[in-house]
Amino acid sequence: MKIGILGGGQLARMIALAGYPLGLSFIVLDPDNHAGAAGLSHHLLGAYNNPELLAKLADEADVVTYEFENVPADVAQFLASRTTVYPPANALAVAQDRLLEKNFFNQLKIGTAPYAAIDSLQDLQQAMPEIGYPAILKSRRMGYDGKGQFVVQSANDLDAAWESMNGAAAIVEGFVNFQREVSIIAARRPSGDIVFYPLSENRHRGGILRVAECRDNDPAQQQAESHVRLLLEALDYVGVIALELFDVNGSLLANEFAPRVHNSGHWTIEGAETSQFENHLRAILDLPLGSTQPRGHAAMVNFIGGLASDAELLSLNHVHLHLYDKAPRKGRKVAHATVRSDNRAEFQHSLNALEQLAEQVDNS
Ligand code: AMP
(Lines give C-alpha, C1' and ligand atoms only; values in the text may rest on other atoms or scores of the structure.)
Protein backbone atom coordinates (compact mmCIF):
# COMPACT_ATOMS: atom_id res chain seq x y z
CA MET A 1 0.00 0.00 0.00
CA LYS A 2 1.17 3.52 -0.74
CA ILE A 3 0.34 6.44 1.52
CA GLY A 4 0.22 9.97 0.11
CA ILE A 5 1.10 12.84 2.44
CA LEU A 6 0.49 16.50 1.81
CA GLY A 7 3.56 18.06 3.39
CA GLY A 8 6.96 16.40 3.74
CA GLY A 9 8.32 17.84 7.00
CA GLN A 10 9.20 16.08 10.23
CA LEU A 11 5.69 14.78 10.87
CA ALA A 12 5.61 13.10 7.44
CA ARG A 13 9.12 11.80 8.13
CA MET A 14 8.01 10.18 11.40
CA ILE A 15 4.86 8.76 9.77
CA ALA A 16 7.07 7.17 7.08
CA LEU A 17 9.48 5.79 9.68
CA ALA A 18 6.53 4.14 11.45
CA GLY A 19 5.16 2.80 8.17
CA TYR A 20 8.19 0.94 6.85
CA PRO A 21 7.91 -2.00 9.27
CA LEU A 22 4.29 -2.38 8.13
CA GLY A 23 5.46 -2.71 4.53
CA LEU A 24 4.06 0.66 3.47
CA SER A 25 5.58 3.08 1.00
CA PHE A 26 5.11 6.83 0.77
CA ILE A 27 4.67 9.68 -1.69
CA VAL A 28 4.81 13.26 -0.38
CA LEU A 29 4.07 16.63 -1.95
CA ASP A 30 6.20 19.47 -0.59
CA PRO A 31 7.64 22.64 -2.15
CA ASP A 32 10.89 22.34 -0.17
CA ASN A 33 13.77 20.71 -2.02
CA HIS A 34 15.16 19.59 1.32
CA ALA A 35 11.89 18.34 2.90
CA GLY A 36 12.55 16.07 5.91
CA ALA A 37 10.59 13.13 4.44
CA ALA A 38 12.11 13.45 0.95
CA GLY A 39 14.69 10.71 1.48
CA LEU A 40 12.06 8.31 2.78
CA SER A 41 9.51 8.73 0.03
CA HIS A 42 8.81 9.52 -3.57
CA HIS A 43 9.02 13.32 -3.31
CA LEU A 44 6.82 15.42 -5.59
CA LEU A 45 8.54 18.79 -5.54
CA GLY A 46 6.13 21.67 -6.01
CA ALA A 47 3.36 23.85 -4.61
CA TYR A 48 0.54 22.34 -2.55
CA ASN A 49 -2.02 23.61 -5.05
CA ASN A 50 -0.21 22.41 -8.19
CA PRO A 51 -3.04 20.51 -10.00
CA GLU A 52 -0.74 18.13 -11.89
CA LEU A 53 1.16 17.13 -8.78
CA LEU A 54 -2.03 16.79 -6.75
CA ALA A 55 -3.44 14.51 -9.46
CA LYS A 56 -0.26 12.43 -9.35
CA LEU A 57 -0.43 12.21 -5.56
CA ALA A 58 -4.07 11.09 -5.69
CA ASP A 59 -3.44 8.57 -8.50
CA GLU A 60 -0.42 6.95 -6.92
CA ALA A 61 -1.59 6.83 -3.31
CA ASP A 62 -4.13 4.35 -1.94
CA VAL A 63 -5.02 6.87 0.76
CA VAL A 64 -3.94 10.49 1.25
CA THR A 65 -3.34 12.20 4.58
CA TYR A 66 -1.63 15.44 5.61
CA GLU A 67 0.79 16.76 8.19
CA PHE A 68 -0.61 20.29 8.57
CA GLU A 69 -4.14 21.61 8.89
CA ASN A 70 -3.93 24.69 6.69
CA VAL A 71 -4.74 22.70 3.57
CA PRO A 72 -6.81 24.95 1.25
CA ALA A 73 -10.41 23.72 1.03
CA ASP A 74 -10.26 23.36 -2.77
CA VAL A 75 -7.13 21.20 -2.52
CA ALA A 76 -8.82 18.92 0.03
CA GLN A 77 -11.93 18.71 -2.20
CA PHE A 78 -9.87 17.93 -5.31
CA LEU A 79 -8.03 15.10 -3.55
CA ALA A 80 -11.23 13.73 -2.00
CA SER A 81 -12.87 13.62 -5.45
CA ARG A 82 -10.08 11.28 -6.65
CA THR A 83 -9.10 9.14 -3.71
CA THR A 84 -9.69 8.43 -0.03
CA VAL A 85 -8.54 11.32 2.16
CA TYR A 86 -8.30 11.01 5.96
CA PRO A 87 -8.88 12.83 8.30
CA PRO A 88 -12.09 14.11 6.67
CA ALA A 89 -12.33 17.55 5.06
CA ASN A 90 -14.90 18.82 7.59
CA ALA A 91 -12.34 18.33 10.40
CA LEU A 92 -9.87 20.45 8.44
CA ALA A 93 -12.44 23.17 7.83
CA VAL A 94 -13.22 23.47 11.54
CA ALA A 95 -9.61 23.25 12.75
CA GLN A 96 -8.38 25.94 10.33
CA ASP A 97 -10.68 28.62 11.67
CA ARG A 98 -10.50 29.50 15.36
CA LEU A 99 -14.04 30.91 15.36
CA LEU A 100 -15.63 27.79 13.80
CA GLU A 101 -13.53 25.69 16.16
CA LYS A 102 -14.67 27.52 19.31
CA ASN A 103 -18.30 27.46 18.08
CA PHE A 104 -17.99 23.73 17.48
CA PHE A 105 -16.62 23.07 20.99
CA ASN A 106 -19.50 25.03 22.45
CA GLN A 107 -22.11 23.16 20.36
CA LEU A 108 -20.70 19.96 21.82
CA LYS A 109 -20.86 21.49 25.32
CA ILE A 110 -17.07 21.39 25.68
CA GLY A 111 -16.11 24.46 27.73
CA THR A 112 -13.75 27.14 26.33
CA ALA A 113 -12.49 30.57 27.35
CA PRO A 114 -15.06 33.33 26.70
CA TYR A 115 -14.58 34.57 23.12
CA ALA A 116 -16.02 36.88 20.47
CA ALA A 117 -15.63 37.28 16.70
CA ILE A 118 -13.65 40.40 15.78
CA ASP A 119 -13.74 41.95 12.28
CA SER A 120 -12.93 45.55 13.19
CA LEU A 121 -11.51 47.77 15.91
CA GLN A 122 -15.06 48.66 16.85
CA ASP A 123 -15.95 44.96 17.37
CA LEU A 124 -12.95 44.69 19.68
CA GLN A 125 -13.92 47.77 21.68
CA GLN A 126 -17.46 46.46 22.06
CA ALA A 127 -16.42 42.93 23.03
CA MET A 128 -13.91 43.80 25.76
CA PRO A 129 -16.29 44.75 28.60
CA GLU A 130 -17.74 41.24 28.40
CA ILE A 131 -14.48 39.33 27.75
CA GLY A 132 -12.45 41.23 30.37
CA TYR A 133 -8.72 41.98 30.64
CA PRO A 134 -6.24 40.46 30.01
CA ALA A 135 -7.31 38.84 26.75
CA ILE A 136 -5.69 37.47 23.60
CA LEU A 137 -6.54 38.61 20.10
CA LYS A 138 -5.85 35.79 17.62
CA SER A 139 -6.16 35.69 13.84
CA ARG A 140 -8.89 33.22 12.89
CA ARG A 141 -6.72 31.51 10.30
CA MET A 142 -3.11 30.44 9.77
CA GLY A 143 -2.11 30.76 13.42
CA TYR A 144 0.27 28.30 15.06
CA ASP A 145 2.87 28.34 17.85
CA GLY A 146 1.49 31.64 19.13
CA LYS A 147 1.87 33.39 15.75
CA GLY A 148 -0.81 35.92 14.83
CA GLN A 149 -1.57 36.59 18.50
CA PHE A 150 -1.55 39.74 20.61
CA VAL A 151 -1.98 39.87 24.38
CA VAL A 152 -4.31 42.72 25.29
CA GLN A 153 -3.53 43.94 28.81
CA SER A 154 -5.74 47.01 28.91
CA ALA A 155 -7.86 49.34 26.78
CA ASN A 156 -4.64 51.15 25.80
CA ASP A 157 -3.60 48.08 23.75
CA LEU A 158 -6.71 47.83 21.60
CA ASP A 159 -5.47 49.94 18.65
CA ALA A 160 -2.12 48.15 18.46
CA ALA A 161 -3.77 44.74 18.86
CA TRP A 162 -6.18 45.33 16.00
CA GLU A 163 -3.41 46.80 13.82
CA SER A 164 -1.28 43.70 14.35
CA MET A 165 -3.97 41.61 12.63
CA ASN A 166 -3.44 43.56 9.35
CA GLY A 167 -7.17 43.56 8.70
CA ALA A 168 -7.50 39.76 9.04
CA ALA A 169 -10.61 38.33 10.70
CA ALA A 170 -9.87 37.51 14.33
CA ILE A 171 -11.29 36.30 17.61
CA VAL A 172 -10.64 37.67 21.06
CA GLU A 173 -10.40 35.21 23.95
CA GLY A 174 -10.36 35.80 27.67
CA PHE A 175 -6.96 34.93 29.19
CA VAL A 176 -7.29 31.64 31.04
CA ASN A 177 -5.43 31.35 34.35
CA PHE A 178 -4.78 27.67 34.02
CA GLN A 179 -2.75 25.51 36.40
CA ARG A 180 -1.36 23.51 33.50
CA GLU A 181 -1.78 22.68 29.84
CA VAL A 182 -2.55 19.14 28.75
CA SER A 183 -3.42 17.45 25.50
CA ILE A 184 -5.01 14.17 24.63
CA ILE A 185 -4.11 12.21 21.54
CA ALA A 186 -6.63 9.70 20.25
CA ALA A 187 -7.12 7.64 17.10
CA ARG A 188 -10.34 6.48 15.43
CA ARG A 189 -10.76 4.10 12.55
CA PRO A 190 -13.67 4.04 10.06
CA SER A 191 -15.42 1.24 11.97
CA GLY A 192 -15.69 3.65 14.94
CA ASP A 193 -13.11 2.00 17.21
CA ILE A 194 -11.23 4.59 19.29
CA VAL A 195 -8.05 4.42 21.36
CA PHE A 196 -6.86 7.13 23.74
CA TYR A 197 -3.30 7.83 24.86
CA PRO A 198 -2.54 8.86 28.43
CA LEU A 199 -2.65 12.67 28.80
CA SER A 200 0.41 14.69 27.86
CA GLU A 201 1.25 17.51 30.25
CA ASN A 202 2.74 20.28 28.14
CA ARG A 203 5.01 23.18 28.92
CA HIS A 204 5.11 26.10 26.47
CA ARG A 205 7.25 29.21 26.34
CA GLY A 206 6.51 32.06 23.97
CA GLY A 207 3.55 30.05 22.62
CA ILE A 208 5.87 27.20 21.53
CA LEU A 209 5.78 23.70 23.02
CA ARG A 210 9.01 22.89 24.87
CA VAL A 211 8.33 19.76 26.92
CA ALA A 212 5.53 17.16 26.86
CA GLU A 213 5.37 14.51 29.56
CA CYS A 214 3.22 11.40 29.62
CA ARG A 215 0.83 11.43 32.60
CA ASP A 216 -0.32 7.91 33.29
CA ASN A 217 -3.46 7.68 35.47
CA ASP A 218 -3.99 11.44 35.52
CA PRO A 219 -7.16 12.48 37.39
CA ALA A 220 -8.26 14.48 34.30
CA GLN A 221 -7.92 11.51 31.90
CA GLN A 222 -11.62 10.55 31.82
CA GLN A 223 -12.74 14.13 31.24
CA ALA A 224 -10.26 14.57 28.38
CA GLU A 225 -11.35 11.28 26.83
CA SER A 226 -15.00 12.23 26.91
CA HIS A 227 -14.23 15.63 25.30
CA VAL A 228 -12.20 14.11 22.48
CA ARG A 229 -14.72 11.30 21.95
CA LEU A 230 -17.42 13.94 21.34
CA LEU A 231 -15.21 15.57 18.70
CA LEU A 232 -14.28 12.30 16.99
CA GLU A 233 -17.86 11.13 16.76
CA ALA A 234 -19.34 14.47 15.67
CA LEU A 235 -16.75 14.72 12.87
CA ASP A 236 -16.99 11.01 11.92
CA TYR A 237 -13.25 11.30 12.21
CA VAL A 238 -10.61 8.89 10.92
CA GLY A 239 -6.94 9.12 11.96
CA VAL A 240 -5.08 10.62 14.90
CA ILE A 241 -6.36 13.81 16.53
CA ALA A 242 -4.84 15.99 19.26
CA LEU A 243 -7.00 18.10 21.57
CA GLU A 244 -5.22 20.83 23.56
CA LEU A 245 -6.78 21.72 26.89
CA PHE A 246 -6.31 24.14 29.77
CA ASP A 247 -6.71 22.63 33.25
CA VAL A 248 -8.44 25.13 35.52
CA ASN A 249 -8.95 23.68 39.00
CA GLY A 250 -9.53 20.22 37.54
CA SER A 251 -11.92 21.43 34.84
CA LEU A 252 -10.67 21.09 31.27
CA LEU A 253 -11.33 23.94 28.81
CA ALA A 254 -10.63 23.31 25.13
CA ASN A 255 -8.08 25.55 23.40
CA GLU A 256 -7.78 23.94 19.99
CA PHE A 257 -7.53 20.66 18.17
CA ALA A 258 -5.15 19.46 15.47
CA PRO A 259 -6.49 17.00 12.87
CA ARG A 260 -3.17 15.20 12.61
CA VAL A 261 -0.30 13.70 14.55
CA HIS A 262 0.96 16.21 17.09
CA ASN A 263 4.17 17.41 18.71
CA SER A 264 2.82 16.70 22.20
CA GLY A 265 2.53 13.01 21.21
CA HIS A 266 6.11 12.48 20.08
CA TRP A 267 6.96 10.72 23.36
CA THR A 268 4.74 7.84 22.15
CA ILE A 269 7.50 6.72 19.73
CA GLU A 270 9.45 5.06 22.52
CA GLY A 271 7.06 5.72 25.40
CA ALA A 272 3.95 3.80 24.29
CA GLU A 273 3.30 0.30 23.00
CA THR A 274 2.20 1.79 19.66
CA SER A 275 3.28 5.25 18.55
CA GLN A 276 0.84 7.95 17.44
CA PHE A 277 2.40 7.67 13.96
CA GLU A 278 1.74 3.96 13.65
CA ASN A 279 -1.79 4.35 15.01
CA HIS A 280 -2.46 7.12 12.49
CA LEU A 281 -1.47 4.73 9.70
CA ARG A 282 -3.48 1.88 11.19
CA ALA A 283 -6.53 4.17 11.49
CA ILE A 284 -6.44 5.53 7.93
CA LEU A 285 -5.92 2.00 6.55
CA ASP A 286 -8.79 0.66 8.70
CA LEU A 287 -6.50 -1.78 10.48
CA PRO A 288 -6.84 -2.78 14.17
CA LEU A 289 -5.55 0.03 16.40
CA GLY A 290 -2.53 -0.70 18.58
CA SER A 291 -2.26 -0.52 22.36
CA THR A 292 -1.64 2.97 23.75
CA GLN A 293 -0.28 1.57 27.01
CA PRO A 294 2.67 3.67 28.26
CA ARG A 295 6.04 1.96 28.56
CA GLY A 296 7.28 3.34 31.85
CA HIS A 297 7.84 7.06 32.38
CA ALA A 298 8.18 9.08 29.18
CA ALA A 299 8.62 12.67 28.06
CA MET A 300 9.71 14.64 25.01
CA VAL A 301 11.90 17.74 24.79
CA ASN A 302 11.94 19.93 21.67
CA PHE A 303 15.11 21.46 20.26
CA ILE A 304 14.26 24.87 18.91
CA GLY A 305 16.60 26.99 16.84
CA GLY A 306 19.69 24.90 17.60
CA LEU A 307 20.91 21.49 18.62
CA ALA A 308 23.27 20.22 21.31
CA SER A 309 26.04 17.96 20.02
CA ASP A 310 24.90 14.47 19.06
CA ALA A 311 27.63 12.98 21.24
CA GLU A 312 26.44 14.91 24.29
CA LEU A 313 22.82 13.93 23.74
CA LEU A 314 23.54 10.31 22.98
CA SER A 315 25.66 9.96 26.11
CA LEU A 316 22.56 10.55 28.28
CA ASN A 317 20.92 7.38 29.58
CA HIS A 318 17.36 6.61 28.47
CA VAL A 319 17.43 9.31 25.75
CA HIS A 320 16.38 8.73 22.14
CA LEU A 321 17.27 11.36 19.60
CA HIS A 322 15.11 12.29 16.61
CA LEU A 323 16.77 14.67 14.17
CA TYR A 324 14.58 16.26 11.52
CA ASP A 325 17.38 16.97 9.02
CA LYS A 326 16.53 20.69 9.10
CA ALA A 327 19.02 23.55 9.08
CA PRO A 328 18.89 25.44 12.41
CA ARG A 329 17.10 28.78 12.20
CA LYS A 330 15.70 31.06 14.88
CA GLY A 331 12.49 29.61 16.34
CA ARG A 332 12.58 26.48 14.13
CA LYS A 333 12.00 23.01 15.59
CA VAL A 334 15.01 21.00 14.43
CA ALA A 335 14.80 17.87 16.58
CA HIS A 336 13.26 16.31 19.64
CA ALA A 337 14.47 13.75 22.12
CA THR A 338 12.40 11.28 24.09
CA VAL A 339 13.32 10.15 27.58
CA ARG A 340 11.94 6.78 28.65
CA SER A 341 12.66 4.69 31.71
CA ASP A 342 10.95 2.34 34.15
CA ASN A 343 12.84 4.02 36.96
CA ARG A 344 11.31 7.34 38.08
CA ALA A 345 14.49 8.83 39.53
CA GLU A 346 16.59 7.95 36.49
CA PHE A 347 13.90 9.27 34.19
CA GLN A 348 13.77 12.59 36.03
CA HIS A 349 17.55 12.88 36.05
CA SER A 350 17.80 12.41 32.26
CA LEU A 351 14.84 14.70 31.62
CA ASN A 352 16.45 17.51 33.65
CA ALA A 353 19.74 17.09 31.80
CA LEU A 354 18.00 17.11 28.44
CA GLU A 355 15.97 20.20 29.28
CA GLN A 356 19.14 22.02 30.26
CA LEU A 357 20.81 21.13 26.97
CA ALA A 358 17.75 22.26 25.02
CA GLU A 359 17.64 25.58 26.87
CA GLN A 360 21.31 26.28 26.18
CA VAL A 361 20.83 26.15 22.41
CA ASP A 362 17.32 27.59 22.28
CA ASN A 363 17.30 30.89 20.39
CA SER A 364 13.55 31.33 19.82
P1 AMP B 1 -2.50 28.52 20.48
O2 AMP B 1 -1.79 28.96 19.23
O3 AMP B 1 -3.92 28.92 20.54
O4 AMP B 1 -2.30 27.05 20.75
O5 AMP B 1 -1.75 29.25 21.69
C6 AMP B 1 -0.41 28.98 22.01
C7 AMP B 1 -0.21 29.04 23.51
O8 AMP B 1 -0.57 30.34 24.02
C9 AMP B 1 -1.09 28.07 24.30
O10 AMP B 1 -0.51 26.77 24.35
C11 AMP B 1 -1.12 28.75 25.66
O12 AMP B 1 0.10 28.57 26.35
C13 AMP B 1 -1.22 30.22 25.28
N14 AMP B 1 -2.65 30.62 25.17
C15 AMP B 1 -3.42 30.57 24.06
N16 AMP B 1 -4.68 30.98 24.31
C17 AMP B 1 -4.72 31.29 25.62
C18 AMP B 1 -5.75 31.79 26.49
N19 AMP B 1 -7.00 32.07 26.06
N20 AMP B 1 -5.43 32.00 27.80
C21 AMP B 1 -4.17 31.76 28.26
N22 AMP B 1 -3.16 31.31 27.48
C23 AMP B 1 -3.43 31.06 26.20
Side-chain angles (χ1 to χ4, degrees), residues 11 67-70 91-92 94-106 110-118 124 127-154 157-158 161 164-165 168-185 199-213 215 220 224 227-228 231 241-267 299-302 304 331-333 336 362 364:
L11 298 181
E67 63 155 14
F68 60 94
E69 55 269 46
N70 292 317
L92 273 181
V94 176
Q96 312 180 325
D97 182 327
R98 291 186 191 276
L99 180 62
L100 299 186
E101 192 179 35
K102 286 275 185 315
N103 289 343
F104 191 61
F105 286 139
N106 280 278
I110 299 173
T112 63
Y115 66 99
I118 302 296
L124 186 58
M128 283 319 294
E130 186 133 333
I131 301 293
Y133 294 98
I136 308 188
L137 187 66
K138 300 181 177 178
S139 62
R140 276 174 61 174
R141 294 181 157 272
M142 304 301 279
Y144 68 99
D145 284 350
K147 293 188 171 61
Q149 301 192 7
F150 195 107
V151 178
V152 188
Q153 299 288 1
S154 74
D157 293 338
L158 294 184
S164 76
M165 294 292 118
I171 68 168
V172 68
E173 291 177 20
F175 196 91
V176 179
N177 273 320
F178 50 78
Q179 273 85 45
R180 59 178 185 150
E181 292 189 74
V182 296
S183 57
I184 182 154
I185 313 258
L199 281 188
S200 300
E201 189 171 308
N202 305 327
R203 277 183 271 143
H204 294 78
R205 205 171 56 248
I208 305 179
L209 181 69
R210 310 288 163 159
V211 181
E213 185 169 342
R215 291 273 308 160
H227 284 356
V228 79
L231 278 182
I241 197 169
L243 173 62
E244 294 185 54
L245 299 149
F246 299 135
D247 183 343
V248 186
N249 303 322
S251 229
L252 298 180
L253 300 181
N255 178 30
E256 60 181 3
F257 76 89
R260 55 172 169 77
V261 289
H262 193 254
N263 196 174
S264 66
H266 290 0
W267 61 263
M300 176 288 323
V301 176
N302 272 335
I304 298 167
R332 193 180 205 201
K333 288 175 194 163
H336 78 264
D362 186 328
S364 56

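First listed ligand is number 1; within each ligand, the first listed atom is number 1. One is the number of the first residue; the rest follow in order along the sequence.
- With atom 5 (O) of ligand 1 as the reference point, the heavy atom nearest to it among Glu173, Arg98, Glu256, Gln149 is part of Gln149.
- A donor-acceptor contact shorter than 3.5 Å is absent between the side chain of Arg203 and the backbone of Val211.
- Judged by distance alone, the side chain of Ser251 and the main-chain N or O of Val248 form no donor-acceptor pair under 3.5 Å.
- Atoms of ligand 1 found under 4.0 Å from any heavy atom of Glu181 (numbered from 1 in listed order, with element): 9 (C), 10 (O), 11 (C), 12 (O).
- The shortest N/O to N/O separation between Ile136 and ligand 1 does not fall below 3.5 Å.
- Geometrically, ligand 1 and Gly174 share a nitrogen or oxygen pair separated by less than 3.5 Å.
- When side chains are defined from C-beta on, Leu245 does not count as touching Phe178, because their heavy atoms never get closer than 4.5 Å.
- Using a 4.0 Å cut-off to heavy atoms of Lys138, the atoms of ligand 1 that qualify are 3 (O), 15 (C), 16 (N).
- Of all atoms in ligand 1, listed by their number and element, those nearer than 4.0 Å to a heavy atom of His204 are 10 (O).
- Ligand-side atoms of ligand 1 in range of Phe178: 21 (C), 22 (N), range being under 4.0 angstrom from any heavy atom.
- At a heavy-atom distance under 4.0 Å, only side-chain atoms of Asn255, from C-beta outward, approach ligand 1.
- The aromatic rings of His266 and His336 lie tilted to each other, with the angle between the two planes from 30° to 60°.
- Remark: the backbone N or O of Leu252 is paired with a side-chain donor or acceptor of His227 at under 3.5 angstrom.
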*Applying salt bridge (charged side-chain N to carboxylate O under 4.0 Å, His left out), run through Arg98 and Glu173 and close with a yes or a no.*
CA-CA 10 Å; Arg98 291 186 191 276; Glu173 291 177 20; 5.0 Å; no
